[in-house]
Amino acid sequence: MSVYLRRGYRRAYRVLTSRWTRFWMRRAGLSRLGRIATRLATWFAPPHKARLFLADMNPQGYVAATATIYHSDLHLGANVFVGDRVIIFRRENGGPVGLGDGVAILRDTIIETGYGGSLTIGAHSSIHPRCQLNAYQESIQIGCGVMIAPNCALYSYDHGIAPGQIVRRQPLRSKGGIVIGNDAWLGTGVIVLDGVRIGQGAVIGAGSVVTQDVPDGAVAVGVPARVVRSRSDVDCEQHE
């Protein structure tokens, strides 16, 4: 086969596969037929983050065929991306889950609400693989443009540990909800516990456990997380 024929074949293949993907993504959605259309749309699509563009093809966004949606009060903004094997789960008395426009939930993340807890994620925030977001008792509110790295965990509740009764039979308790301000960044493996506010534009170092509030624009690291500097200090150093 000549070089020109190979180039022509590759161009034709790209055009046909692009049309195939767009055709099925226009029919994608959370209905039974919509989930089938999503599966067909991905036949020629690349994996993982390379599929993010699929969410832009349909205002209803992209919900992977392998994602499990077991939540009757789920609200999706425009062009949301829900990746492979994501689970969105509602336990008894669980409140709503709201995902803003352009939110990306990447593979193997689990989102749960139960016992009065609710969860909202603001526009254009991203939750990376294998995160666990459990909103029980109180809410988890994640702002716009927030980046949460892989393997993070957010719990808006705790277990009672009073003596004389095994822990698993004690009622859940909470110091309050979790609030993460706009444009904050949580590094890999961060744990955020109940009653915590992480300020706008704050950075939490990898592996930290956040047990108390972090101010706007602060950098906090450690177990428990402590503020070590302000991002404005970093900017000053870079311009010296």
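We count residues from 1, following the sequence as given.
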Same cluster (ILVMFWY, side-chain, under 4.5 Å), [X] and [Y]:
| X | Y | answer |
| --- | --- | --- |
| Y13 | L40 | yes |
| I204 | V209 | no |
| I121 | V196 | yes |
| I36 | W43 | yes |
| I127 | I110 | no |

(message) Looking at F53, I want to see if its CZ is surrounded by more than 12 non-hydrogen atoms of other residues, nucleotides or ligands under 6.0 Å.
(response) yes

Can you find a heavy atom in the side chain of [X] that is under 4.5 Å from one in the side chain of [Y]?
| X | Y | answer |
| --- | --- | --- |
| I191 | V210 | no |
| L154 | I180 | yes |
| R226 | V214 | no |
| Y155 | V192 | no |
| D183 | V146 | no |
| P129 | D108 | no |
| L52 | Y62 | no |
| Y115 | L172 | yes |

Going from [atom1] on [X] to [atom2] on [Y], what distance comes out if it is rounded to the nearest 0.5 angstrom?
| X | Y | atom1 | atom2 | answer |
| --- | --- | --- | --- | --- |
| T109 | I88 | OG1 | CD1 | 9.5 Å |
| C131 | R107 | SG | CZ | 11.0 Å |
| L99 | S125 | CG | OG | 10.0 Å |
| N134 | S156 | CG | OG | 8.0 Å |
| I140 | L119 | CD1 | CG | 5.0 Å |
| I87 | Y70 | CD1 | OH | 12.5 Å |

Counting only N and O atoms by type, is there a donor-acceptor contact under 3.5 Å from the side chain of [X] to the main-chain atoms of [Y]?
| X | Y | value |
| --- | --- | --- |
| S174 | G176 | yes |
| R91 | Y136 | no |
| Q137 | G117 | no |
| R51 | F81 | no |
| T17 | A45 | no |
| N79 | G102 | no |
| T38 | G34 | yes |
| S18 | V15 | no |
| T211 | P224 | no |
| R90 | G114 | no |

Ignoring hydrogens, what is the shortest heavy-atom contact between [X] and [Y]? Give both atom names and the distance.
| X | Y | result |
| --- | --- | --- |
| A218 | V227 | CB-CG1, 3.9 Å |
| Q132 | E112 | NE2-OE2, 3.5 Å |
| V103 | A123 | CG2-CA, 4.3 Å |
| L106 | H128 | CD1-ND1, 3.5 Å |
| G77 | V80 | O-CG2, 3.5 Å |
| G61 | M25 | O-CE, 3.7 Å |

(message) Quick one, T66 with D84, criterion side-chain hydrogen bond (donor to acceptor under 3.5 Å, both in side chains). Give me CA distance, side-chain angles, the key distance, then yes/no.
(response) CA-CA 5 Å; T66 57; D84 287 323; 2.9 Å; yes

(request) Any chance you could lay out the side-chain contact (heavy atoms from CB on, under 4.5 Å) test for Q170 and H159, step after step, and finish with the verdict? (result) CA-CA 7 Å; Q170 296 197 33; H159 284 278; 5.9 Å; no

(request) Evaluate the criterion side-chain contact (heavy atoms from CB on, under 4.5 Å) for residue pair L76 and L30; output intermediate values, then yes/no. (result) CA-CA 10 Å; L76 301 181; L30 290 180; 4.0 Å; yes

(message) Below 30° counts as parallel, above 60° as perpendicular, anything between as tilted: where do the rings of W20 and F44 land?
(response) perpendicular

(message) Applying salt bridge (Lys or Arg N to Asp or Glu O under 4.0 Å) as the test, list every pair that has at least one member in residues 122-150; sequence neighbours left out.
(response) none

(message) Run the side-chain contact (heavy atoms from CB on, under 4.5 Å) test on R231 and V219 for me, step by step, so that the C-alpha distance in whole Å, both residues' side-chain angles and the decisive distance to 0.1 Å come before the verdict.
(response) CA-CA 6 Å; R231 287 179 58 201; V219 179; 3.8 Å; yes

(request) Report the C-alpha distance between R22 and N58 in whole Å, list the side-chain angles of each, state the deciding distance to 0.1 Å, and finish with yes or no for side-chain contact (heavy atoms from CB on, under 4.5 Å). (result) CA-CA 9 Å; R22 290 182 180 278; N58 186 332; over 6 Å; no

(request) Decide whether a cation-pi geometry holds between R27 and F23; the criteria are a distance under 6.0 Å from NZ or CZ to the six-membered ring centre and an angle within 45° of the ring axis. (result) yes

(request) Just jot down the salt bridge (charged side-chain N to carboxylate O under 4.0 Å, His left out) partners of R173, sequence neighbours excluded, or say none. (result) D158

(request) Please identify each residue that fulfils side-chain hydrogen bond (donor to acceptor under 3.5 Å, both in side chains) with D216, with sequence neighbours left out. (result) R197

(message) Among T188, V190, L133, which residue satisfies the side-chain contact (heavy atoms from CB on, under 4.5 Å) criterion with C152?
(response) V190

(request) Check whether the side chains of D73 and H71 place a donor and an acceptor atom closer than 3.5 Å, and report yes or no. (result) no

